[in-house]
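Structure first, then comments.
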Amino acid sequence: MTSIKHVGVVGAGQMGRGITEVCARAGLHVTLCDVTEDRARAGLAGVADSLLRAEKRGALSSEERALALAGVTVGADLTRLSGADLVIEAAVEDGPAKTALFRRLDEVVADPAAVLASNTSSIPIARLAAATGRPEAVIGLHFFNPVPVMPLVEVIPSLRTSKDTEERVRAFATETLGKHTVVAADRAGFVVNSLLVPYLLAAVRMVASGTATAEDIDTGMTAGCAHPMGPLRLADLIGLDTVAAIGEALYEEHREPLYAPPPLLRRMVESGLLGRKSGQGFFSYRAA
Ligand SMILES: NC(=O)c1ccc[n+]([C@@H]2O[C@H](COP(=O)([O-])OP(=O)(O)OC[C@H]3O[C@@H](n4cnc5c(N)ncnc54)[C@H](O)[C@@H]3O)[C@@H](O)[C@H]2O)c1
């Protein structure tokens, strides 16, 4: 077992809520922070709803749900995290905002051995570590959405992360949270997005070039490769703006054309066709 008992989560959006839920269900004390008390409380309400749905599915008892919820406290003041053993930052994907947050976390988290982790998808861990006085204790911990469902966590040590920090967070993710981990170097995209995003972008290029319809491209991969979902429905699910943003970050880092978002994707984003969340992407999600 790891020595991590109190986890701080910064950012109460979809990822922060999911991370809070899995930590609370593992019996940890979780402090969830956001920029305002209202946002933090909205995050807690989201966690409570998700726990209730899990209870209705029979995944946990009402006592376990109550116990998990009782372990979560929320607020806007980061000094609440002073006693944390591990902080997982899941705030907005904005470099300067995250750097400022890491500088502040380094000030408020009292134990110098406490780990400061980021759920970033594309910002270099080295840059966040450099904002702190404890680069050896800074690491990437990249969860997948929805966190309670997806088993994978990517662990991203920077060039200055200590082996001890890496081993502590791997043990935390596997033993405490029951997740699978893979270790990836501190390069934009890590393992999964580096493989997935070029594939999604290639499917968009196929639509643009008229090789096949969106329906037939997806059927090719579901019926021909046994993928549970085709690339264009998956891109719609992730959000076409998010796919484009990750492609931009990968292209910025590697300068390889396969990562560059194609013009059709950019035009769809500019037109508000963002996929499932906007009701229309490569497919329609509006009620007929
Ligand atoms: N959405 C995904 O599928 C996914 C998957 C893996 C990783 N990520 C990463 O997780 C992080 C969060 O993504 P999300 O989808 O949950 O975003 P989101 O927009 O749902 O939530 C972000 C939250 O961060 C809060 N926030 C912004 N600045 C803050 C600050 N300074 N201090 C505290 N809270 C702050 C916002 O108020 C908001 O509640 C990003 O780094 C993203 O790249 C997202």
Side-chain angles (χ1 to χ4, degrees), residues 8-23 30-47 50 74-81 84 87-109 116-125 127-128 131 138-156 173 179 181-182 184 186 188-197 200 229 234-250 252-253 274-277:
V9 178
V10 182
Q14 55 179 339
M15 295 305 290
R17 294 173 190 197
I19 294 165
T20 297
E21 179 179 338
V22 294
C23 290
V30 188
T31 305
L32 173 63
C33 291
D34 206 300
V35 282
T36 64
E37 294 276 344
D38 280 355
R39 283 197 191 192
R41 274 197 293 272
L44 180 60
V47 173
S50 178
V74 298
D77 182 358
L78 290 180
T79 60
R80 286 169 169 272
L81 306 178
V87 176
I88 304 172
E89 172 277 316
V92 64
E93 187 76 347
D94 174 286
K98 283 203 198 288
T99 307
L101 257 176
F102 270 73
R103 197 171 298 120
R104 182 74 184 128
L105 289 172
D106 190 38
E107 287 166 3
V108 300
V109 178
L116 306 182
S118 177
N119 188 49
T120 179
S121 305
S122 62
I123 294 160
I125 305 304
R127 197 178 299 162
L128 304 178
V138 175
I139 195 161
L141 209 48
H142 187 234
F143 290 80
F144 287 77
N145 192 12
V147 181
V149 175
M150 299 300 280
L152 187 69
V153 178
E154 290 179 310
V155 174
I156 307 103
K179 299 285 189 190
T181 59
V182 294
D186 188 13
F190 317 133
V191 171
V192 173
N193 281 333
S194 293
L195 291 171
L196 178 65
V197 171
L200 301 180
M229 188 182 277
L234 179 54
D236 276 355
L237 177 67
I238 295 170
L240 300 185
D241 51 342
T242 303
V243 173
I246 300 173
E248 293 286 5
L250 285 165
E252 177 71 25
E253 173 102 327
L274 305 182
R276 191 174 283 198
K277 63 185 164 188

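In each ligand, atom 1 is the first atom listed, and ligand 1 is the first ligand listed.
Put simply, atom 17 (O) of ligand 1 has no protein non-hydrogen atoms near it, under 4.0 Å away. Checking atom 20 (O) of ligand 1 against the protein gives a heavy-atom contact under 4.0 Å.
Here is the list of ligand 1 atoms found below 4.0 Å of a heavy atom in Arg39: 36 (C), 37 (O). Remark: ligand 1 atoms within the under-4.0 Å shell around heavy atoms of Lys98 are 40 (C), 41 (O). Each of the following atoms of ligand 1 lies closer than 4.0 Å to a heavy atom of Thr120: 41 (O). For ligand 1, the atoms sitting less than 4.0 Å from at least one non-hydrogen atom of His142 are 6 (C), 7 (C), numbered in the order shown with element in parentheses. If you number the atoms of ligand 1 from 1 as listed, the ones under 4.0 Å from a heavy atom of Val10 come out as 32 (N), 33 (C).
Scanning Asn145, Asn119, Val192 for the heavy atom closest to atom 9 (C) of ligand 1 points to Asn119. One option in Asp34, Val92, Leu32 has a heavy atom closer to atom 38 (C) of ligand 1 than any other, and that option is Asp34. Residue nearest to atom 40 (C) of ligand 1, selected from Ser121, Ala91, Ala100: Ala91 (by heavy-atom distance).
Checked by distance only, ligand 1 and Met15 come closer than 3.5 Å through their nitrogen or oxygen atoms. For ligand 1, the polar-atom distance check against Glu93 finds a nitrogen or oxygen pair separated by under 3.5 Å. Residue Glu89 places no N or O, backbone or side chain, under 3.5 Å from any N or O of ligand 1.
Remark: Arg41 engages Asp38 in a salt bridge, criterion side-chain N to carboxylate O under 4.0 Å.
Residue Ala97 places no heavy atom under 4.0 Å from ligand 1.
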